Structure formats: structure tokens, C-alpha cells
Participant: 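The structure is given below, and queries will be raised subsequently.
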Amino acid sequence: MSKKVYPQRLAKSVRGGLRPQGANRDAWWRKRWLTWLESLHLGARLGRGRSYAQLGQIKQLSISPGKIDAVIQGASDTPYTINIKMETLPEEIILPLLQKEPFLTAQLYAHALPFRFEERLGQENLSLFPHKRNDLSYHCTCKDWARPCKHIAAALCLFADAAAADPHLLLRFRGLILPDISPVLIPKELSPNEILSLRPISDGAMIIKRLGSLPYWRGSEDLKKNLTSAYQRAHQKALSALQSFADLRLPEDHPTL
């Protein structure tokens, strides 16, 4: 009995389709997203999805809080419509977290995504990334029974590349849209007396001690001992500087007597 052979269906080419722009492919959040995608064991569907993304088969891709929408051209005349959904991060936890971490907030506003943000979310039992297959819900108008199908995989691959260039896309998908001006996120302004009351740690050589031993040091002198002494002197000098205000004005800024 002869086996029935189905003709290979090739995706119709797209003019002006979206493609990865070769942005920060080493971004840790891109790698984390793709690692999760690979953990789904999609087999050939993931490879075909990557090819679709690379070849520009995606005609539209939009990201909104908790949702990714895409239009992908496959072998059929009618493009496929993709919807991917994920529960957003709770605002009542995220905003107070950012208020307590002004430097972290400043990094996010500067379109950086420090790993510390993911660590802080982990302390709240949250994450920027999915961990299980059903953390996301998928819909595609294709006839493939498997989910995620290759079209969904293509949208997820392109999203990872787009987020590598602009991590705000990942934040947007997770429901975190940083406002232009938000009093909630503005760090508290300290008075001069409060600034003077701040003190560094009591041990000025703490950093050297945290480094531990230096196994490749070949000098005749004890480098750690010398560095400890230097750090302690710098520490004392910094403390003495706090006893008076530092005048950073230029000569022309001083009032004329």
C-alpha cells in the first residue's frame, strides 16, 4: 500500500514584513525569554517559527499590557491572526517597590533592564517571564492543532528580539508602563541636615574583605593589607568631608560683594 504524499506548502512572501533588527542579542532578558520558549519542546515548530521571523513573514506586531497581537503570512492566501495573553504584574506591588528603589527606577527610565529588577520581583514571588506553558494563553487562526504553533513561535521570537532593543516592550507586555511624570515614583528629596546625617558603613575596608584571597597575586608585598589601609584612609577622609558642605559653585555663581 503506497503512502500518500502531501505537497510541501511554502509561505507566501511578504513585502515590507517585520524582521529582527540585530539589536542587543546578548541581552539577558532576550536569552531568558528564548530559553523559556525552548523549554516548551516545540520541535520543528520552533525552527520554522524562527525562520518566519527571520524571513519577515510577520506583517504586524503590537504589544499592549498582557497581550501580544500579530498578523503572520503563511502558505494560505489569508494571513493568520495571533493573540498571546499573559497576566500582568500587580501594580499595587510594583509601584511601591520602585518607590523604594530610586536608582533601579532611574535605570528603567533610561531604557536599561538591570537583573536586580528581576531579583526584586522574585522576592515578591513575581517574575517578568513565564515559567510554565500555561502561563500564557495562545490563539492562532491556523488549522494546526498544536499550541504554540509555528506562527505563535514566530511572534514570540520576534517579540524577544524587539524587547532586546527596547526592554520597555517587555515591561509594557507585563503591564508596567512608566509614566512621564509620577509623584509616586519621585524619590524623597532630602534636606541638608538629612544628607549630613547619612553615614557610610563603619568598616571602610569592607569591599576588600569581600573580595577574599587573591590567588594569582605574585608581588612580594601583601596587596590585601596595603589596599585595606588605603581604603580605610579614604573612608576617614570621606567622613571628615561630611562635616561641612561642599561648595560646588563656579566663581561667577557667587554673589558680588
Side-chain angles (χ1 to χ4, degrees), residues 1-64 66-88 113 115 118 121-122 126-167 169-174:
M1 183 176 179
S2 61
K3 185 183 295 186
K4 186 174 182 180
V5 179
Y6 292 91
Q8 184 179 9
R9 301 181 68 203
L10 299 177
K12 299 181 182 299
S13 60
V14 176
R15 184 175 181 179
L18 302 176
R19 300 172 185 264
Q21 298 301 310
N24 185 13
R25 301 181 67 84
D26 291 329
W28 69 267
W29 56 94
R30 175 184 182 273
K31 293 180 178 180
R32 183 76 163 268
W33 186 267
L34 293 179
T35 297
W36 167 78
L37 187 56
E38 291 168 355
S39 72
L40 300 182
H41 305 294
L42 302 182
R45 298 197 305 277
L46 179 55
R48 292 169 182 165
R50 281 174 169 160
S51 296
Y52 269 42
Q54 294 289 338
L55 294 174
Q57 295 299 122
I58 301 178
K59 304 179 72 172
Q60 296 178 23
L61 183 74
S62 62
I63 295 96
S64 55
K67 192 175 180 182
I68 298 174
D69 296 308
V71 176
I72 300 180
Q73 181 63 61
S76 301
D77 293 333
T78 303
Y80 301 118
T81 300
I82 310 296
N83 304 117
I84 304 168
K85 295 181 180 180
M86 185 178 183
E87 185 177 353
T88 57
L113 185 55
F115 186 70
E118 176 66 8
L121 290 177
L126 300 172
S127 177
L128 285 171
F129 309 93
H131 294 281
K132 299 175 293 185
R133 181 186 296 263
N134 59 1
D135 284 344
L136 274 72
S137 62
Y138 320 92
H139 175 73
C140 179
T141 55
C142 74
K143 296 181 180 180
D144 191 345
W145 60 269
R147 291 292 180 269
C149 62
K150 62 185 176 184
H151 310 109
I152 294 172
L156 292 173
C157 287
L158 186 62
F159 169 71
D161 281 307
D166 185 2
L169 294 177
L170 175 57
L171 298 182
R172 171 180 285 271
F173 177 55
R174 301 299 284 113

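For reference, positions follow the sequence shown, starting with 1. FYI, side chains are in, hydrogens and waters are out, and symmetry mates aren't considered; it's all heavy atoms of this structure. Bear in mind that the values here come from a model prediction, so they are computed numbers and not experimental data.
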Participant: Look up atom OG1 in Thr88 and atom NZ in Lys67, then write down how far apart they are to the nearest 0.5 Å.
Facilitator: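 Between Thr88 OG1 and Lys67 NZ, I get 13.5 Å after rounding to 0.5 Å.
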Participant: Is Ile68 close to Leu136 at the side-chain level, that is, under 4.5 Å between some pair of heavy atoms?
Facilitator: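 Sidechains of Ile68 and Leu136: no contact.
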Participant: Yes or no on side chain to side chain contact (heavy atoms under 4.5 Å, CB included) for Phe115 and Glu118, after CA distance, side-chain angles and deciding distance?
Facilitator: CA-CA 5 Å; Phe115 186 70; Glu118 176 66 8; 4.3 Å; yes
Participant: Would you say the ring centers of Trp28 and Phe129 fall short of 6.0 Å from each other?
Facilitator: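 So the answer is yes for these two rings.
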Participant: Which heavy-atom pair separates Ile82 from Ala155 by the least distance, and what is that distance?
Facilitator: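 Taking every non-hydrogen atom into account, CG2-CB, 4.4 Å.
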Participant: Is it true that, when you exclude Arg174 itself, more than 12 heavy atoms of the residues, nucleotides or ligands shown sit nearer than 6.0 Å to its CZ?
Facilitator: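 Atom CZ in Arg174 is packed in, count exceeds 12.
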Participant: So which atom in Arg30 and which in Ala164 form the shortest heavy-atom distance, rounded to 0.1 Å?
Facilitator: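 Closest approach of Arg30 to Ala164: CD-CB, 3.7 Å.
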Participant: Taking the side chain as every heavy atom from C-beta outward, state whether Leu55 and Ser13 have any atom pair closer than 4.5 Å.
Facilitator: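 No, too far: nothing below the 4.5 Å cut-off.
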Participant: Pair Leu37, Leu42 - check side chain to side chain contact (heavy atoms under 4.5 Å, CB included), show working.
Facilitator: CA-CA 8 Å; Leu37 187 56; Leu42 302 182; 4.1 Å; yes
Participant: What are the two closest heavy atoms between Leu61 and Ala70, and how far apart are they?
Facilitator: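 Closest approach of Leu61 to Ala70, heavy atoms only: CD1-CB, 3.8 Å.
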Participant: Strictly distance-based, threshold 3.5 Å: is any side-chain N or O of Arg172 a donor or acceptor partner for the main-chain N or O of Ser64?
Facilitator: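 Pair absent, no side-chain N/O of Arg172 close to backbone of Ser64.
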Participant: Would you give the length of the straight line joining atom CZ of Arg147 to atom CZ of Arg45, rounded to the nearest 0.5 angstrom?
Facilitator: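 CZ of Arg45 is found 9.0 Å from CZ of Arg147.
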Participant: Does the side chain of Leu40 come within less than 4.5 Å of Leu46's, by heavy atoms?
Facilitator: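 No - every pair of side-chain heavy atoms lies 4.5 Å or more apart.
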Participant: Under a 3.5 Å distance rule, please check whether Gln73 uses its side chain to pair with a backbone N or O of Gln57 as donor and acceptor.
Facilitator: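 No; zero donor-acceptor contacts below 3.5 Å.
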Participant: So Thr81 and Asp69, side chain to side chain contact (heavy atoms under 4.5 Å, CB included) or not? Walk me through it.
Facilitator: CA-CA 8 Å; Thr81 300; Asp69 296 308; over 6 Å; no
Participant: So how far is it from Leu171 CG to Ile63 CD1, rounded to the nearest 0.5 Å?
Facilitator: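 Result: 12.0 Å between the selected atoms.
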Participant: Taking only residues at least two apart or on different chains, which pairs with a member in residues 131-143 satisfy side chain to side chain donor-acceptor pair (under 3.5 Å)?
Facilitator: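 Found Ser127-His131.
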Participant: Report the distance from atom OH of Tyr52 to atom CD1 of Ile58, rounding to the nearest 0.5 Å.
Facilitator: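 The CD1 atom of Ile58 is 10.5 Å from OH of Tyr52, to the nearest 0.5 Å.
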Participant: Can you name the nearest heavy-atom pair linking Leu121 to Leu128, along with the distance?
Facilitator: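 Closest approach of Leu121 to Leu128: CD1-CG, 3.7 Å.
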Participant: Identify the two heavy atoms, one from Cys149 and one from Cys142, that lie closest to each other, and give their separation to 0.1 Å.
Facilitator: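 That closest heavy-atom pairing would be SG-SG, 3.8 Å.
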Participant: Please step through side chain to side chain contact (heavy atoms under 4.5 Å, CB included) for the pair Trp33 and Leu156, ending with a clear verdict.
Facilitator: CA-CA 9 Å; Trp33 186 267; Leu156 292 173; 3.8 Å; yes
Participant: Could you list the residues that satisfy side-chain hydrogen bond (donor to acceptor under 3.5 Å, both in side chains) with His41, not counting sequence neighbours?
Facilitator: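 side-chain hydrogen bond (donor to acceptor under 3.5 Å, both in side chains) check on His41 returns nothing, list empty.
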Participant: Please find the pair of heavy atoms, one from Gly74 and one from Tyr80, that lie closest to each other, and give the distance.
Facilitator: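 That closest heavy-atom pairing would be CA-CE1, 3.8 Å.
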Participant: Please check if the side chain of Trp29 supplies one atom and the backbone of Ala163 the other of a donor-acceptor pair under 3.5 Å.
Facilitator: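 Yes.
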